[in-house]
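Within every chain, numbering begins at 1; the chains are lettered A, B, ... in the order of the sequence lines, protein sequences first and strands thereafter.
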Amino acid sequence: MNRRELFQKALGAGAAVVAAGVLRGQSSSFNGPAGGSRGSTLVTVLTGPFDTSSYPNGVRPLTDTPQFATYVRIQAHPGQQGKIAIGTSAMANTTGAIADSSFLELWPNWDGSSDNGRSDTWILTDPQWNNTINLADIYVWPEIAGEAPVITAFQLA
Amino acid sequence: MTILSPSAASGPLTVSVAPVPIAASSTLVNQLSVKPRLGQWSKVLVGGPNLGTDESNAMAVLYPVPFGGQADAFVVQDQGGQNTIDLSQIYVYATIPGDTPMVEAFEYKTL
């Protein structure tokens with residue numbers, strides 16, 4: 001049982017509806033706001049530990065289909081031990097060292113002993129809160145297979 | 001439609017013995033971040049075309065993270081939502097030749 005299933009079981013049917021809603025960015029059928037738009041309600045489209053293990057070399061785009069967000073946050077998962085590389089599709093296509101094709105790496109936070117326990121985190125926002133960040137253009141690679149950074153994305157719907 | 005897209009100039013930037021511009025020709029972006037690469041030993045300087053290896057005219061002096069931890073960063077973004085930061089005018093220097101500070105840049109594109 002993974003964390004989402006545990007959460008749903010603990011909090012019942014209401015929680016199940018919430019969990020299904022906030023993860024809709026991972027559904028290939030979800031058609032979010034158009035790129036560059038700006039709605040009136042902040043909606044979470046990605047949240048929770050992000051599993052990349054089923055993708056080639058463990059490199060996964062944040063969404064499989066274009067989804068336009070106004071805010072993205074990627075956090076090294078406390079307790080996990082590998083670096084997290086963030087990049088573009090070049091990272092998925094590389095034949096060399098994957099992190100050498102990234103544009104950013106996050107340092108792991110395996111025991112909270114460095115940086116006063118804070119986890120390394122990357123945040124990208126549109127300065128005017130328009131839905132301009134295509135989640136399908138951003139790729140993530142955990143250095144250690146099976147580890148899962150914590151990822152959150154918001155749209156203004 | 002307008003999207004904020006990763007710039008082709010993003011990625012590890014190889015620095016030899018002198019400050020190098022992030023882009024060889026004029027490249028306007030909305031957001032830029034420069035960080036020392038995790039595990040490398042270089043102090044990283046960021047500046048304009050007049051950046052000196054002695055830290056003269058440096059906009060930022062970033063401490064290395066040879067043993068890990070959150071990397072120091074120089075970050076700038078146009079809050080007006082325009083591509084106004086010219087990467088050819090931003091120079092980076094690493095105190096150890098061959099080190100590769102990480103550059104992250106995003107630009108507005110119209111599709």
Side-chain angles (χ1 to χ4, degrees), chain A residues 33-38 61 66-72 75-76 81-91 94 96-97 99-110 113-139 143, chain B residues 1-14 22-23 27 29-40 44 62-85 87 92 98-111:
Chain A
S37 64
R38 192 184 195 285
Q67 296 293 340
F68 299 96
T70 185
Y71 174 103
V72 184
Q75 175 195 339
Q81 303 194 7
K83 286 184 284 191
I84 303 296
I86 304 170
T88 64
S89 58
M91 208 164 64
T94 186
D100 286 348
S101 298
S102 71
F103 58 68
L104 191 102
E105 293 171 294
L106 300 178
W107 186 252
N109 177 20
W110 57 85
S113 62
S114 63
D115 300 316
N116 293 319
R118 287 188 290 269
S119 295
D120 207 355
T121 300
W122 177 74
I123 294 174
L124 178 68
T125 61
D126 182 281
Q128 298 187 319
W129 279 48
N130 294 315
N131 295 312
T132 57
I133 303 164
N134 186 357
L135 300 177
D137 281 347
I138 298 173
Y139 287 67
E143 182 183 36
Chain B
M1 64 182 172
T2 302
I3 64 167
L4 191 56
S5 181
S7 165
S10 293
L13 178 69
T14 301
I22 295 174
T27 304
V29 299
N30 173 258
Q31 189 258 11
L32 167 68
S33 154
V34 180
K35 288 186 173 188
R37 184 134 190 217
L38 300 179
Q40 294 185 347
V44 172
L62 307 174
Y63 203 71
V65 278
F67 303 115
Q70 298 183 41
D72 207 353
F74 171 75
V75 180
V76 63
Q77 184 171 27
D78 179 338
Q79 297 298 314
Q82 303 290 320
N83 292 328
T84 57
I85 302 164
L87 297 181
V92 176
D99 270 2
T100 54
M102 294 295 260
V103 172
E104 169 214 338
F106 279 76
E107 61 190 333
Y108 284 108
K109 289 181 179 173
T110 301
L111 300 181

Trainee: Between chain A and each of B:G69, B:G11, B:P12, count heavy-atom pairs under 4.5 Å; write down the option with the most.
Mentor: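 Among B:G69, B:G11, B:P12, the one with the most close pairs to chain A is B:G69.
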Trainee: Pick from B:A71, B:G39, B:G68: which one has the most heavy-atom pairs with chain A under 4.5 Å?
Mentor: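 Heavy-atom pair counts peak at B:G68.
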Trainee: Can you say whether A:L106 sits under 4.5 Å from chain B via the side chain, the backbone, both, or neither, judging by heavy atoms?
Mentor: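 A:L106 touches chain B through backbone heavy atoms alone.
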Trainee: Sub-4.5 Å heavy-atom contacts with chain A: which residues of residues 3-10 of chain B show up?
Mentor: B:I3, B:L4, B:S5, B:P6, B:S10
Trainee: Which region of B:N30, side chain (C-beta onward) or backbone (N, CA, C, O), has a non-hydrogen atom less than 4.5 Å from a non-hydrogen atom of chain A, or is it both or neither?
Mentor: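 Looking at B:N30, just its side chain touches chain A.
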Trainee: Below 4.5 Å, heavy-atom pairs only: which of B:M102, B:K109, B:Q70, B:E104 has the largest tally toward chain A?
Mentor: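 Heavy-atom pair counts peak at B:Q70.
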Trainee: In Å and rounded to the nearest 0.5 Å, what is the CD to OG1 distance from B:Q79 to A:T125?
Mentor: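 So the gap between those two atoms works out to 7.0 Å.
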Trainee: Please flag which part of A:S37 lies under 4.5 Å from any non-hydrogen atom of chain B: side chain, backbone, both or neither.
Mentor: neither
Trainee: Could you state the interatomic distance from CE (B:M1) to CZ (A:F68), rounded to the nearest 0.5 Å?
Mentor: 3.5 Å
Trainee: Tell me, for A:A76 versus chain B, whether the close heavy atoms (under 4.5 Å) come from the side chain, the backbone, both or neither.
Mentor: neither
Trainee: For residues A:P127 and B:Y108, report the shortest heavy-atom separation together with the two atoms involved.
Mentor: CD-OH, 3.2 Å
Trainee: Taking the side chain as every heavy atom from C-beta outward, state whether A:D126 and B:F106 have any atom pair closer than 4.5 Å.
Mentor: no
Trainee: I'd like to verify something: which residue of A:I138, A:L104, A:N134 has the highest number of heavy-atom pairs under 4.5 Å with chain B?
Mentor: A:L104
Trainee: Look up atom CZ in B:R37 and atom OG in A:S102, then write down how far apart they are to the nearest 0.5 Å.
Mentor: 5.5 Å
